[in-house]
Amino acid sequence: MKTILSSLLLAALTFMQLRWSPAPATVKPAAALETWFSQQMGVVADSLQQLQLAIRRHAPAATRQRLFRAARRAYKRTEFLTEYYYPHLIRSINGPALPFADGENSRAILAPQGFQVMEEKLWAQPIPDKELLAAVTALREQFTALQSQTDPYGFMDAYVLDAMRFEIYRIIAQGISGFDSPVALLSMEEAAAALEGVEHAAALYAGRLTDTTVKHTLGARFKAAQQYLLQHTDFNAFDRLHFITTYANPLSASLLSLQQQLSLQVPQERRILSPDAPHLFAMRYYNANGYSPNYESDPTEARIQLGQRLFYDPVLSGNLQRSCASCHQASKAFTDGMAKNTALGSKETIARNTPTLLNTAFQSKQFYDSRAIFLENQVSDVVHNKREMNGSLEQAARTLRKDSAYILLFNKAFAAGNNNITEENIANALASFLRSLTSLQSRFDGYMNGDTTALNATEKKGFNIFMGKGKCGTCHFAPLFNGVAPPYFAEPESEVLGVPASSRPHAPLDKDPGKYVLYKISIHRYAFKTPTVRNSALTAPYMHNGVFPTLESVIDFYDKGGGAGLGIAPPNQTLPADKLQLTSQEKKALVAFMQALTDTSSWKAAVRY
């Protein structure tokens, strides 16, 4: 093992020295990268061909694994460009080894394919050579097609720099967490390979600078980051907190400096994380309006104030007795502290637990089953839900048009006139208030932005377990710690966990069908959106049915392998069934870290209207 690691380190450092050698002034970086990318597609295809030959020759498992590692490292060197310019191919290249159907574009269930499928077959579930060979052949054909593409790839300087920084974010959130190497846990060597590719591009662009300071800083930071990754390859022992703060974040900042000095900023566009952010954990650069329908829907101070008043007003309910704040209580982090609240005018309960509204603006889908795209849709759904509010936005609008105070507020918030108290404007005002409920200034955030005293040793250990051995970070992606993964913050993850119906011993599987109600796709049965764990210390009880009263009980559930560990797993459980083998001290550290994600500073003003 030491020999392999030494070879990897030597190769990486030698490659680094070559990349930072002076390049001819006539070389245009984007054009050079197009040539390099085509060559690298060939390298990946050739690496996969070697694996094909080994399978045909019935080579031993160790040989196959070695060739697989070489092939995926070759891919990782190109990942920053492949992911950026060919995002539609990524699921079939290196997506999760799970069947997929989004329901929106297609209800057909697509079988998993790509590197992660091959990894699982090579390490965990050996299959007949014929099946493995078919998987390798299909993947090789994709890279061969990319290499033989006759049209230019279309690389543009500003976007290449953007892609480089995206890759740093991807390494942090998905690479070193084990998201894309969940079985073999080759995360560190593959992260180092990914940095090799980014470094190659960075060297091309740094050569255009007259001031060599940024170039030298970049070179040193790439070298240091790769050295650290290749010298600390033990997945469970890897200090992710140290790597991010000491290497990844500074490297991201240096790439931003390079981009700025070359005046290659991307045009302004709708994003969750601003292109001007120095690194992934610069929380003040996160845009709570990133998922709003359009710029005209964005909050203004007047709309937020109007929305806050409506939030506390029972006028939206059918019996004029329940407001949004009845269930989403600010003093309880906008939850209600109950497993399930009571239905309106009934002793029965509503279908699901009341989730927090804090940071709901950073979810691209709303509700546990992801049925609403925009917060405006969520507002309308809740108001008209017979068990929740049994109201009518149309009726509320008629009532509000008779209220002189609301007339003034709507005139201030929207274009003044006689017809501005509409269903749409009510929903938008409430959505504007919800988008204002950001909570991204916890002690953890302070630490990641330079306050080295903000976390204690136990909390630091907890973060490393969260992002490593505990596998929490493979679903709750840093730094929002919800199911929306950087760098694109696009589709939220939904998982099938096998949640029990109650907390009593030997309870059966909860029968709530989850996301299945949307499209009736079998793999979505019992699937629920991954929520944020920010402020989770304040939002008990947990899960869609509120079955777990404490964070400790949630951790115990995951430690056992979810429903599989309880013997109630549905056949489509997506949570790995393997036990995590967490010690009692590691569990305590996990809780301590999640408590360090608490931030009440930005929303306490909304405790009462």
Side-chain angles (χ1 to χ4, degrees), residues 283 288 311 324-342 349-363 365-370 375 378 382 388 433-445 459 462-463 466 470 472-473 475-484 492-495 497 499-500 503 510 512 514 528-558 587-588 590-608:
M283 306 313 294
F311 186 84
C324 305
S326 299
C327 297
H328 295 281
Q329 300 166 27
S331 60
K332 296 179 180 177
F334 291 92
T335 66
D336 54 23
M338 304 169 66
K340 296 178 183 178
N341 211 315
T342 55
T349 62
I350 60 175
R352 294 169 183 158
N353 173 260
T354 302
T356 180
L357 297 178
L358 296 174
N359 296 321
T360 192
F362 297 115
Q363 292 273 16
K365 297 287 180 65
Q366 302 300 326
F367 295 110
Y368 285 109
D369 54 22
S370 301
L375 283 168
Q378 180 207 32
V382 171
E388 295 185 26
F433 174 61
L434 298 182
R435 291 186 179 106
S436 75
L437 298 177
T438 60
S439 178
L440 301 175
Q441 300 299 323
S442 66
R443 286 191 293 111
F444 170 78
D445 300 307
E459 292 161 346
F463 172 79
F466 188 96
C472 315
C475 294
H476 299 274
F477 299 102
L480 294 175
F481 299 106
N482 61 17
V484 187
E493 294 278 324
S494 290
E495 301 291 343
L497 305 176
V499 176
S503 58
D510 188 280
D512 188 328
F528 296 92
K529 185 182 71 174
T530 301
T532 183
V533 297
R534 283 180 174 270
N535 293 301
S536 56
L538 306 176
T539 60
Y542 306 99
M543 301 297 180
H544 69 275
N545 58 356
V547 69
F548 296 125
T550 64
L551 286 172
E552 288 81 0
S553 57
V554 174
I555 292 170
D556 284 341
F557 172 73
Y558 282 110
K587 292 179 181 179
K588 290 178 181 177
L590 267 177
V591 172
F593 162 65
M594 286 188 277
Q595 290 171 336
L597 287 172
T598 300
D599 168 28
T600 62
S601 62
S602 59
W603 49 271
K604 276 299 186 182
V607 170
R608 72 173 53 85

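What you see is a predicted model; the values in this text were computed from it and never measured.
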Original post:
Under a 4.5 Å cut-off applied to non-hydrogen side-chain atoms, are V382 and F367 in contact?
Top reply: yes

Original post:
So, T354 and N341: side-chain donor and acceptor under 3.5 Å apart, yes or no?
Top reply: no

**OP:** Quick one: list whatever passes side chain to side chain donor-acceptor pair (under 3.5 Å) with S553, sequence neighbours left out.
**Re:** T550

**OP:** Check salt bridge (Lys or Arg N to Asp or Glu O under 4.0 Å) between E459 and all other residues, then give those that pass, not counting sequence neighbours.
**Re:** R443

Subject >> Heavy-atom side-chain contact between P355 and H544 under 4.5 Å >> reply: no

Subject >> Over all atoms of both residues, closest heavy-atom pair of N353 and G546 >> reply: CB-N, 3.8 Å

**OP:** Take L497 and M543, measure what side-chain contact (heavy atoms from CB on, under 4.5 Å) needs, and give me the verdict at the end.
**Re:** CA-CA 10 Å; L497 305 176; M543 301 297 180; 4.1 Å; yes

Subject >> Check: Y542 and F557 side chains under 4.5 Å, non-hydrogen atoms >> reply: no

Original post:
Do N545 and V499 come close enough that some side-chain heavy atom pair is under 4.5 Å?
Top reply: yes

Original post:
Where the side chain of T356 meets the backbone of A333, is there a donor-acceptor pair that is under 3.5 Å apart?
Top reply: yes

Original post:
What is the distance from atom CE of M594 to atom OG of S536, rounded to the nearest 0.5 Å?
Top reply: 5.5 Å

**OP:** Show your reasoning for whether side-chain contact (heavy atoms from CB on, under 4.5 Å) applies to V484 and F477.
**Re:** CA-CA 7 Å; V484 187; F477 299 102; over 6 Å; no

Subject >> Nearest atoms (heavy-atom pairs only) where L357 meets L434 >> reply: CD1-CD2, 3.6 Å

**OP:** Measure across P492 and K529 and return the closest heavy-atom pair with its distance rounded to 0.1 Å.
**Re:** CB-CG, 4.2 Å

Original post:
Do M283 and L480 have side chains that get closer than 4.5 Å, going by heavy atoms?
Top reply: yes

Original post:
D512: what forms a salt bridge (Lys or Arg N to Asp or Glu O under 4.0 Å) with it, not counting sequence neighbours?
Top reply: R352

**OP:** Tell me, with the steps shown, if F481 and F593 meet ring pair (Phe, Tyr, Trp, His ring centres under 6.0 Å).
**Re:** CA-CA 12 Å; F481 299 106; F593 162 65; 5.7 Å; yes

**OP:** Any pair with a residue in residues 530-546 that passes salt bridge (charged side-chain N to carboxylate O under 4.0 Å, His left out), sequence neighbours left out, goes on the list, sorted by first then second residue, please.
**Re:** D445-R534

Original post:
Taking only residues two or more places apart in sequence or in another chain, which ones pass side chain to side chain contact (heavy atoms under 4.5 Å, CB included) with A339?
Top reply: P541

Original post:
What are the two closest non-hydrogen atoms of N535 and S439, and how far apart are they?
Top reply: ND2-OG, 2.9 Å

Original post:
Do you know the tightest heavy-atom contact between A540 and P549?
Top reply: CB-O, 3.4 Å

Original post:
Side chains of T539 and L358: closer than 4.5 Å at any heavy-atom pair?
Top reply: no

Original post:
Can you list the residues that meet the salt bridge (Lys or Arg N to Asp or Glu O under 4.0 Å) rule with K340, with sequence neighbours excluded?
Top reply: none

Original post:
For the side chain to side chain contact (heavy atoms under 4.5 Å, CB included) test, which of H476, E493, Q363 pairs with N482?
Top reply: Q363

**OP:** Supply the atom-to-atom distance F334 CZ to Q329 CD, rounded to the nearest 0.5 angstrom.
**Re:** 10.5 Å

**OP:** For residues D336 and C327, report the shortest heavy-atom separation together with the two atoms involved.
**Re:** CB-O, 3.1 Å

Original post:
Side-chain contact, heavy-atom cut-off 4.5 Å: L437 with T360?
Top reply: no

Subject >> Flag side-chain contact, heavy atom, 4.5 Å: H328 against F311 >> reply: yes

